[in-house]
Every structure is written in C-alpha cells, then in structure tokens.
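Working notes, beginning with the structure itself.
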Amino acid sequence: MNILLLGSGGREHAFAWKIAQSPRCNQLFVAPGNPGTAEIATNVPLGVTDFSGISTFIQANAIDLLVIGPEEPLVKGLVDYLHAQEGLEQLFVVGPSQLGATLEGSKDFSKQFMLRNGVPTAAYATFHTHQLEEGLAYLEKQSLPIVLKADGLAAGKGVLICGSLEEAKISLKEMLVDAKFGDASSKVVVEEFLTGIELSVFVATDGVSYKILPEAKDYKRIGEGDTGLNTGGMGAISPVPFADAAFLKKVEEQIVIPSIQGLEKEGIPYKGFLFIGLMNSNGEPFVIEYNVRMGDPETEAVLPRIESDFVDLLEAIAGGTLSSYRLQLSPQTCATVVMVSGGYPEAYEKGFPIVVPEANSGTVLFHSGTARNESGALINSGGRVFAVTGMGANLEDALAAAYATVKKVTWSKAYFRRDIGQDILKLGSK
Ligand code: AMP
Ligand code: GLY
C-alpha cells in the first residue's frame, strides 16, 4: 500500500516507525512530518489542514490509505471533504467523519452522547454566552472543587478546576462573557469533580467492531510529583498495573461497548481511533473525555506493544473488516519520557543544536519538536522535542532503558521529568 500519514509530532513518528516495519507498506509519505520521520519515510511539505493540497497529493501519488494523526483536520471535516472529491469516494481513511470528531470538538456534544448511551461520566450542565446568570446560580448549588470546560478545542488548556466558589464564578464569566478561550468558550460545560486515578484506554474501531489496544497512563504536569502547569504530556507508561482485568472488563462493558454501539445506532460514521480518558474512582470507571485520535505521548508507549501487523490493522479499520483482524499484543512494558525545551509550556528558546546518540537497544527515540537548520544540523523547534520509549520485562527495566537514552540526548536548557512511573512503582510496593 502507498500510505499518507498526516501530522508532525512524536505520535506521528511512532505511527511512521510502526508502518515502515510492515511488509504491507510500499511507499510511506508524512505531511508535514519531522526530521525523525524523514529518516524512515518521505516528508511532504503540506499542512494538515490544507484540504485541497492533501486531496491533490493523494490523487497524484496513488495513495491507498490515509492516516490522520491530529484532531484539528478531523474536527474541521477533512474526511467528509475527501470522500466528496471525485475519485476519492472509496479512499481508505483512518480517522472519523466530522460528526464523529465532534466527540472531541464539542464537550457538550460528547456529554450528551454519553448520557444518551448510558456511559458513566460526571454530572454536568452546559451554559451558553447568554446564560451567565443561570450558570452562576448553578455554581452556588454545587460542591467544590468544580470543573469548568470550554466546549470547543482549546489546545488542551480549556479545562479549569476551581477550588472556591469565588474562583469558579470569576472563571465562568471570563470564559462565557470575556471569551477567555475565544469561540471555544462561548459554551461552557460545568462538571462535577471526580476523584481517583486517571488512565486512558485506546480503541480501534471501524464503526461497528472494535479492538481494545493497550491502555496507558500519561503524566500531564510539567513538574515532578505532578506539580505545576499542564502540558501536552511529559511521559507515559503502558500497561497500567492498577488497571487489572476486572477493571478493564468494566471499561469494556460499561464504556467501550455502549460507545461503539452508540456511534452505530446514531449513524455516526467512525473509522479510526477512540481515545477514552478515564477516572478510576474506587474501582469504577468514569469517562473524563473522548478524543478522536491517539494520544501523544501515549502512542509512543502503546504502539510498540502491538505485535500483529500494523498496516493490516489500519486497513481493517478503514475498510470495515476489523472483526476479522487478530490483534496480538506484547506483554512487555513500555515507558516513555518526553524531553522538552526549557521554559515549556510557557515561553522557551528554539534553535539550540542537539546532540543525539544512537538509541540504546530496547529504546526508540521519537522526534517531535525538532527541525534542521540551513546547515542541516538538528535543532529544537518546539516545546516537546523528543519522546524516548524504553521497553522491558517490567516497569523498572523499561524506565531504566528510557532514561539511559534520555541522559545522552543533550541541548541547551533541555528538561525532562525524572519521576515518570514512580507513582506506579510506589503503589506496587505498598
Ligand atoms: P480534559 O481536557 O477533559 O482531558 O481535561 C483535562 C484534565 O482535567 C483531565 O485530564 C483531568 O486531569 C482533569 N479533569 C477533567 N475533568 C475532570 C473531572 N470531572 N474531575 C476531575 N478532573 C477532571
Ligand atoms: N496526552 C494527551 C493527549 O494526547 O491528548
């Protein structure tokens, strides 16, 4: 197959790495890609929302399969656009329709979908710009802390957890009336705060059948001990030891099955990955959010654990034949450590030359925010720069492998958390 993959992060480098290993892959293009994908595929200078450019490229290069990494083109309707082009009606695409992508593009839509389909989630109410007074009155009656979510995409920043009523009221006004997150907060979901431990479950679906991929736990905060600002993700591990078979069975029965059946029943075309952010509250799963794509850096810890052919999996998702695909998983543990530019997630300097060693065996170095300068030297060009995945027989070994490579990658002001996975090791030793 000739395959086009859209995106430029560590997630897409991991996809490209996995696709390139398959004997089913003929040519692999990545748009726009990064210096890591350039080593294993052909990068194409096309943006992920350049719909007409993508359509032209697919026709000109006899692309058989399109894989869409990030949410933005999905939420903007790329899949529907392509399928409406002459000659592309039958194009195999991994990524949901625009309506399916609304599960991530609108928190209110996704909460309504969960309610309609009996998927356990936190109690909530939604308020529009003109409903500030109702919203403030609702807040008075809730217990604290309380969660405020911008309805639309807000680059991972649209969720506020408010510890006091005062803070919640001010934030609700800022979001609804002062457009704190622009258009994204013209609707706000006010949600009950859930306590417990978070984890993510990834599901591949062709809209009817599903396969549950390895679960993962990510580390969202910039600081060690889960302190400081939220980031796109500073690390991930898979499997998640506290997600035992009994818990995962509840996730499948109470969440995965009703979600996939809901898509089918409601006529929402969905061929792609569904990322389910969960809270484990005393052994009971609740959905925090759906994303309509794989996670980053979770993908870098999940894909190395898939042993069955990855292109076959992608083809089965896009072609609607997932029920006959046999998913085989590795029992090994993956630990991913993200290296970032100093200062991230706030302002940071770019352009520092990077020294990259050979990755140790048992580790893979995925590029994210890297670029090449005019002389071809590798430099940091984004907040999250690398995701380094170590594999091992257990979490200790996987972490040791990842950190051994991380310590050899150097550039000015590089930063990474040294405590990825430590909370899990402590839980295990209790
Ligand atoms: P989201 O963008 O919906 O994933 O929210 C970002 C983060 O906010 C989540 O990963 C959780 O850590 C936290 N969060 C969101 N909703 C809730 C909730 N109802 N209760 C507790 N924490 C939450
Ligand atoms: N790591 C969280 C995400 O990809 O949304």
Side-chain angles (χ1 to χ4, degrees), residues 7 9-12 14-15 69-72 74-75 101 103-111 114 119-126 142-163 168 171 175 181 184-185 188-202 215-222 226-238 240 273-282 284-303 336-338 340 345 366 368 383-384 387 417 420 423:
R11 167 180 55 209
E12 285 76 23
F15 265 96
E71 64 277 14
E72 195 190 355
L74 294 166
V75 172
L103 285 178
E104 178 166 358
S106 165
K107 304 256 186 211
D108 180 49
F109 177 90
S110 81
K111 295 292 285 190
M114 289 182 236
V119 174
T121 188
Y124 82 106
T126 301
Q142 306 308 308
S143 44
L144 295 167
I146 185 89
V147 185
L148 269 48
K149 299 184 170 185
D151 178 64
L153 291 186
K157 300 198 173 74
V159 175
L160 303 179
I161 295 172
C162 301
S171 300
M175 290 168 87
F181 300 105
S185 63
V188 173
V189 168
V190 179
E191 192 178 276
E192 166 199 12
F193 180 80
L194 298 168
T195 50
I197 320 184
E198 282 185 68
L199 76 156
S200 300
V201 167
F202 299 92
E215 75 286 355
K217 177 182 191 304
D218 81 339
Y219 292 81
K220 289 183 203 289
R221 305 293 196 91
I222 188 70
D226 279 322
T227 53
L229 292 174
N230 254 323
T231 71
M234 295 298 292
I237 59 153
S238 176
V240 181
F273 296 102
L274 183 64
F275 162 161
I276 308 177
L278 294 172
M279 189 70 84
N280 176 340
S281 258
N282 297 319
E284 297 304 320
F286 290 86
V287 176
I288 295 175
E289 63 168 349
Y290 292 118
N291 293 310
V292 298
R293 50 170 173 90
M294 291 294 291
D296 193 352
E298 293 92 332
T299 301
E300 293 93 304
V302 166
L303 294 199
T336 301
V337 178
V338 174
V340 303
F366 296 114
S368 183
R384 294 192 290 172
R417 275 179 61 170
I420 302 304
D423 54 336

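Numbering of ligands and ligand atoms starts at 1, following listing order.
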* Structure fact -> Scanning both residues in full, the closest heavy-atom pair of P297 with G232 reads CD-O, 4.1 Å
Can you pull every nitrogen or oxygen pair between ligand 2 and the protein closer than 3.5 angstrom?
from	atom 1	to	atom 2	distance (Å)
ligand 2	1 (N)	D218	OD2	3.2
ligand 2	1 (N)	G232	O	3.1
ligand 2	1 (N)	D296	O	2.9
ligand 2	1 (N)	E298	OE1	2.9
ligand 2	1 (N)	E298	OE2	3.2
ligand 2	4 (O)	R293	NH1	3.0
ligand 2	4 (O)	D296	N	2.9
ligand 2	5 (O)	R293	NH1	3.3
ligand 2	5 (O)	R293	NH2	2.9

* Taking E104 for its side chain and V292 for its backbone only, find out whether a donor-acceptor pair lies under 3.5 Å. => yes
* Of all residues at least two apart in sequence or in a different chain, which pass the salt bridge (charged side-chain N to carboxylate O under 4.0 Å, His left out) check with E284? -> K250
* Asked: Hey, mind stepping through T126 and K149 against side chain to side chain contact (heavy atoms under 4.5 Å, CB included) and telling me if it holds?
  -> CA-CA 9 Å; T126 301; K149 299 184 170 185; over 6 Å; no
* To do: Answer yes or no: is there a donor N or O on one side and an acceptor on the other, between the side chain of T299 and the main chain of M294, under 3.5 Å?
  => no
* Taking all non-hydrogen atoms of both residues into account, name the closest pair between G10 and D296 and its distance. => N-OD2, 3.5 Å
* Asked: So does D151 pair up with K111, basic N to acidic O under 4.0 Å?
  -> no
* Set of residues satisfying side chain to side chain donor-acceptor pair (under 3.5 Å) with respect to E289, sequence neighbours excluded -> K107, N291
* List by chain and number: which residues place a heavy atom under 4.0 Å from ligand 1? -> K107, V147, K149, V159, I161, E191, E192, F193, L194, E198, K220, M279, I288, E289
* To do: Please name the pair of heavy atoms, one in T231 and one in R221, separated by the smallest distance, quoted to 0.1 Å.
  => CG2-C, 4.1 Å
